[in-house]
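First up is the structure itself, then whatever we jot down about it.
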There are 2 protein chains.
Amino acid sequence: MAFPAALHDHSACIHAALDAAEAECRRRGARLTDIRRIVLELVWESHRPVGAYALLESLGRLGRSAAPPTVYRALDFLLAHGLIHRVASRNGFIGCPHPGHAHGGQILLCAQCGMAAELDDPALDREIALSAARLGFSVSHQTIEVEGLCPTCRAQAGDTA
Amino acid sequence: MAFPAALHDHSACIHAALDAAEAECRRRGARLTDIRRIVLELVWESHRPVGAYALLESLGRLGRSAAPPTVYRALDFLLAHGLIHRVASRNGFIGCPHPGHAHGGQILLCAQCGMAAELDDPALDREIALSAARLGFSVSHQTIEVEGLCPTCRAQAGDTA
DNA sequence: TCTGTTTTGTTATGTTATAACATACCTTCC
DNA sequence: GGAAGGTATGTTATAACATAACAAAACAGA
Ligand SMILES: [Zn+2]
Ligand SMILES: [Zn+2]
Ligand SMILES: [Zn+2]
Ligand SMILES: [Zn+2]
């Protein structure tokens, strides 16, 4: 899962995500309604976490103005079916590039440009489960949010390490 | 860092935390004022994450009623000096049992009883840094919040695994 | 004591999230 | 087609979390 480059064909990202979502919903017998699809599309407008109220405004700009519960319900649906991840440290949401494929949320966040990417390292999951087990704790769900500098921003800052 | 047992001498936890905080502030030349000490004590009232507004109410009950900024300022101070950790997924705060000793936030949260404990596994930090580096990402700060069942609650649920 | 700095108080407001209930919309079975 | 039951959305209000901006007080060093 590479970090998104500053410039890339982002419409491809959106299309891929929407297609994957359709497929996943079909597979699960879940209904990807208009509102849900639109919200997912809006979440995918960038690779940065988006807040619920920003989505609300975007909806308004599309002539689909709504109240908070509408957005939160759509987000809940998308979360429940693994189509987006919640970014707790930012009160925001990002699209998941590979729904269906089981994985906990391991998210990299660039402090400079705000871009997010998934780490998705199974060794990490294992290490956490193992480490927790040593304390007698059994893991059901984990949130990993890592802040730092993305490759692009490091290069800009002259970080050659 | 063991998971706190359901029944334990919690006044000892509080005393130890307060003493450690005094020491750490002395060492740093930071002023642990009345309000800050009281808020820290209130954070330590349990091993569960506490919200800012719950602290506000507790303060009121102590006859020390205050407005939100007072509590948030105290929390900011305690965070800045590593005396508490923020639990992003719960909008809450827990006391740090070993301030001074550098460590990222690795927090275990029991879904049943709500108790929290720190994992504090350096191997985990290393694995994250390494894994991120493979994507060209340099880590500055990480939030790990793991939900699951604590030993006590597992036993209660009959989980023998 | 004076002076500058840090801390706390106070008021107002911004931001994020949910409760509760009404309405509309599909789906299935008759 | 029409009723019944479930699912989804609309709507209003409010709860929960967090900060901006400025005033007053406490503190520390000269
Ligand atoms: Zn893209
Ligand atoms: Zn970046
Ligand atoms: Zn304790
Ligand atoms: Zn428990």
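Only heavy atoms go into these numbers, but all of them, side chains included; no hydrogens, no water, no symmetry mates. So you know, we letter chains A, B, ... as the sequences are listed, proteins then strands, and number each from 1.
- With the nearest nucleotide of DNA chain C identified for both B:A67 and B:F77, B:F77 has the one nearer the 5' end.
- Nearest-nucleotide positions on DNA chain C for B:P69 and B:N91 put B:P69 closer to the 5' end.
- The phosphate of D:dT9 has OP1 or OP2 within less than 4.0 Å of a side-chain N or O from A:R36.
- A:R37 comes within 4.0 angstrom of no nucleic acid atom, judged by non-hydrogen atoms across all strands.
- Looking at A:E147 and A:R90, a side-chain N of the basic residue comes within less than 4.0 Å of a carboxylate O on the acidic one, giving a salt bridge.
- DNA chain D lies under 4.0 Å from no heavy atom of any residue of residues 39-46 of chain A.
- C:dT16 atom P lies 11 Å from atom CG of A:L55, rounded to whole Å.
- In this model, a donor atom of one side chain and an acceptor atom of the other lie less than 3.5 Å apart for B:H85 and B:H103.
- Ion pairing between B:R37 and B:E41 fails under the 4.0 Å rule for side-chain N and carboxylate O.
- No hydrogens or angles considered: nothing links the side chains of A:Q106 and A:D121 as a donor-acceptor pair under 3.5 Å.
- Taking 4.0 angstrom as the limit, A:Y72 places a side-chain polar atom (N or O) nearer than this to OP1 or OP2 of C:dA17.
- In terms of phosphate contacts, B:R86 brings no side-chain nitrogen or oxygen within less than 4.0 Å of OP1 or OP2 of D:dC17.
- Residue A:T70 is classed as a base contact, given a heavy-atom separation below 4.0 Å to a base.
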Show me the donor-acceptor pairs within less than 3.5 Å that the side chains of residues 61-76 of chain A make with the rest of the protein, sequence neighbours left out.
from	atom 1	to	atom 2	distance (Å)
A:R61	NH2	A:S58	OG	3.4

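- Within the 4.0 angstrom heavy-atom criterion, only backbone atoms of the sugar-phosphate kind lie near B:R31; the bases stay farther away.
- For C:dA17, the base has a donor-acceptor partner in the side chain of A:Y53 [N/O atoms by modelled type, under 3.5 angstrom].
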